[in-house]
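Quick note: numbers below take in every heavy atom, side chains included, and nothing from hydrogens, waters or symmetry partners.
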Protein chains: 2
Amino acid sequence: MSTSGPYHHGDLRPALLRAAGQLLEKQGLAALSLRETARRAGVSHNAPYRHFPDRGSLLAALATAGFAALGTAMQEAAAHGGLRAMGEAYVRFALERPQRFRLMFGGALPIAKHAALRESATRVFEGLAQALAPQLAGPAGRDASIAAWALVHGLSQLLLDERIASSALRGRERDEMVRAVLGSIRFAAAKPQTPA
Amino acid sequence: MSTSGPYHHGDLRPALLRAAGQLLEKQGLAALSLRETARRAGVSHNAPYRHFPDRGSLLAALATAGFAALGTAMQEAAAHGGLRAMGEAYVRFALERPQRFRLMFGGALPIAKHAALRESATRVFEGLAQALAPQLAGPAGRDASIAAWALVHGLSQLLLDERIASSALRGRERDEMVRAVLGSIRFAAAKPQTPA
DNA sequence: ACCTGAACACCGTTCAAGT
DNA sequence: ACCTGAACACCGTTCAAGT
């Protein structure tokens, strides 16, 4: 009577997102079932359908929150450490939240079906493009900014998949190696000659 | 009696891989169930366990075949068109077999559990590193070759996820845009000054 | 050896019903 | 409005049995 929750949960949507987020980060996407999420939130297996039309929509909400967090981390990094720090923040986000990052970029979500997801992702990428714009103007600069983004994104993915052998560290801390790899590139179209 | 298959299928393993590959490319990873694969191969839902200990092992076999195909495509491209063609072949492979590429790099497979998978992947990456070696020697060169790989890999992923707006094409064919993006990068450590 | 059918414990989703 | 329990058609995996 006193210890049991209210009949109307009242705050079920955030509770479901919290439970689903924990499942995702601890057990991975495959273990993230609607039924288990409901169980952890203390409701029947059917209650989530009041807040999400299907499993995909729950996943889309998790990914959307992920893009918001990534965008914030990148803007903060850029404010303190400039462009270079922005790229490093991207990689750090991927490595700190591997399952979330995979959900955001793994293609498991029908991106066309989830407008909020697409918008939150686009916002992040526009922030990156704007930060690059002063250095990389004009048509060639736009291609270069895609290359910069691809570089940072690819490095994140390869590290996540443990595809970069530990010998590549050559005694350095991982962050230092990331800096060195990102710094080993120059943009052909850069207005002043600037590092990544 | 004459149209029905033999009791002992005889060639079940390749038949399963073929059916699974078709399922993967047409319906995506989520639709690739062992039971449906068995159905398409014309055997009971249980027969696949004679050839694969579990679903993950079937997926690993598909991914392993994918790495072999990617390696072949890259070597062929390199023989005809050099380093640049190698990178373009990487991107082309990803775009031509999106679901296969996602399986290979999506982190859905417990890579540690599948030795053949890890080896086939490593072979591909060693081929890339060797092709880069003449231009990028020494410690800084090794970081640069990781950057080159990350660039190609990231561009593939972003194109696959349709994260690069169609406006980025600016009227060009996709292949041409890929060439321009890859070509917009210089390696700081390159021995002669060489494009990507 | 290789294949089958029944069984178990899971899914996502739908539906009729309760408060 | 919001939640529940039963039901349906799926899974992966295991087991006892057939040829």
Problem - Length of the line joining A:Asp11:CG and D:dA1:C1', which is rounded to integer Å - result: 15 Å
Practice task
Measure from CG on A:Leu16 to P on D:dC2 and round the result to the nearest Å.
Solution key: 13 Å
Problem - Salt-bridge present (A:Arg172, B:Asp143; N to O < 4.0 Å) - result: yes
Fill in the blank from the handout: With the side chain defined as heavy atoms from C-beta on, B:Leu34 is closest, among D:dG12, C:dG5, D:dC3, to D:dG12
Exercise for the section: Could you state the atom-to-atom distance from CZ of B:Arg40 to P of D:dC11 in whole Å? Expected result: 11 Å
Handout entry: Rounded interatomic separation in angstrom, taking CG from B:Leu58 and P from D:dC11
Key = 14 Å
Practice task
Rounded to the nearest angstrom, tell me the gap between atom CZ in A:Arg39 and atom C1' in D:dC3.
Solution key: 17 Å
Practice task
May I have the distance from B:Leu32 (atom CG) to D:dC10 (atom P), rounded to whole angstrom?
Solution key: 17 Å
Practice task
Verify the neighbour count for atom CZ of B:Arg163: are there more than 12 heavy atoms of other residues, nucleotides or ligands below 6.0 Å?
Solution key: yes
Problem - Which nucleotides of DNA chain D pair, in dot-bracket form (Watson-Crick or G-U under 3.5 Å, | meaning another strand) - result: ||.|||||...|||||.||
Problem - Ring geometry between B:Phe67 and B:Phe125 (parallel below 30°, tilted from 30 to 60°, perpendicular above 60°) - result: perpendicular
Problem - Nearest-Å distance for atom pair CG/C1', residues A:Leu12 and D:dT4 - result: 13 Å
Handout entry: Check ion pair B:Glu36-B:Arg39 (N to O, under 4.0 angstrom)
Key = yes
Exercise for the section: Specify the residues of residues 47-57 of chain A, ordered by number, for which at least one heavy atom lies under 4.0 angstrom from an atom of DNA chain D. Expected result: A:Ala47, A:Arg50, A:His51
Practice task
Without swapping roles, check the side chain of B:Arg186 against the backbone of B:Gly183 for a donor-acceptor pair under 3.5 Å.
Solution key: yes
Practice task
Take the protein atom CD of A:Gln27 and the nucleotide atom P of C:dC11, then report the distance between them rounded to whole Å.
Solution key: 11 Å
Handout entry: Heavy-atom donor-acceptor pair, B:Asn46 side-chain to D:dT14 base, under 3.5 Å
Key = yes
Practice task
Compare the minimum distances between each of D:dC11, C:dT4, D:dT4 and the side chain of B:Ser44, then state the nucleotide with the smallest one.
Solution key: C:dT4
Practice task
Indicate yes or no: does A:Asp11 engage A:Arg18 in a salt bridge with an N to O separation below 4.0 Å.
Solution key: no
Problem - side-chain contact (heavy atoms from CB on, under 4.5 Å) between A:Arg50 and A:Leu12, worked out - result: CA-CA 9 Å; A:Arg50 293 300 124 195; A:Leu12 185 53; 5.8 Å; no
Practice task
Output the single nucleotide from D:dA7, D:dT13, D:dC3 whose closest atom is nearest the side chain of A:Arg35.
Solution key: D:dA7
Handout entry: Ring geometry between B:Tyr90 and B:Phe105 (parallel below 30°, tilted from 30 to 60°, perpendicular above 60°)
Key = tilted
Exercise for the section: Indicate yes or no for a side-chain donor-acceptor contact from B:Arg179 to the backbone of B:Arg84 under 3.5 Å, with no hydrogens or angles considered. Expected result: no
Exercise for the section: Please determine if a side-chain N or O atom of B:Arg13 lies less than 4.0 Å away from the OP1 or OP2 oxygen of C:dA1. Expected result: no
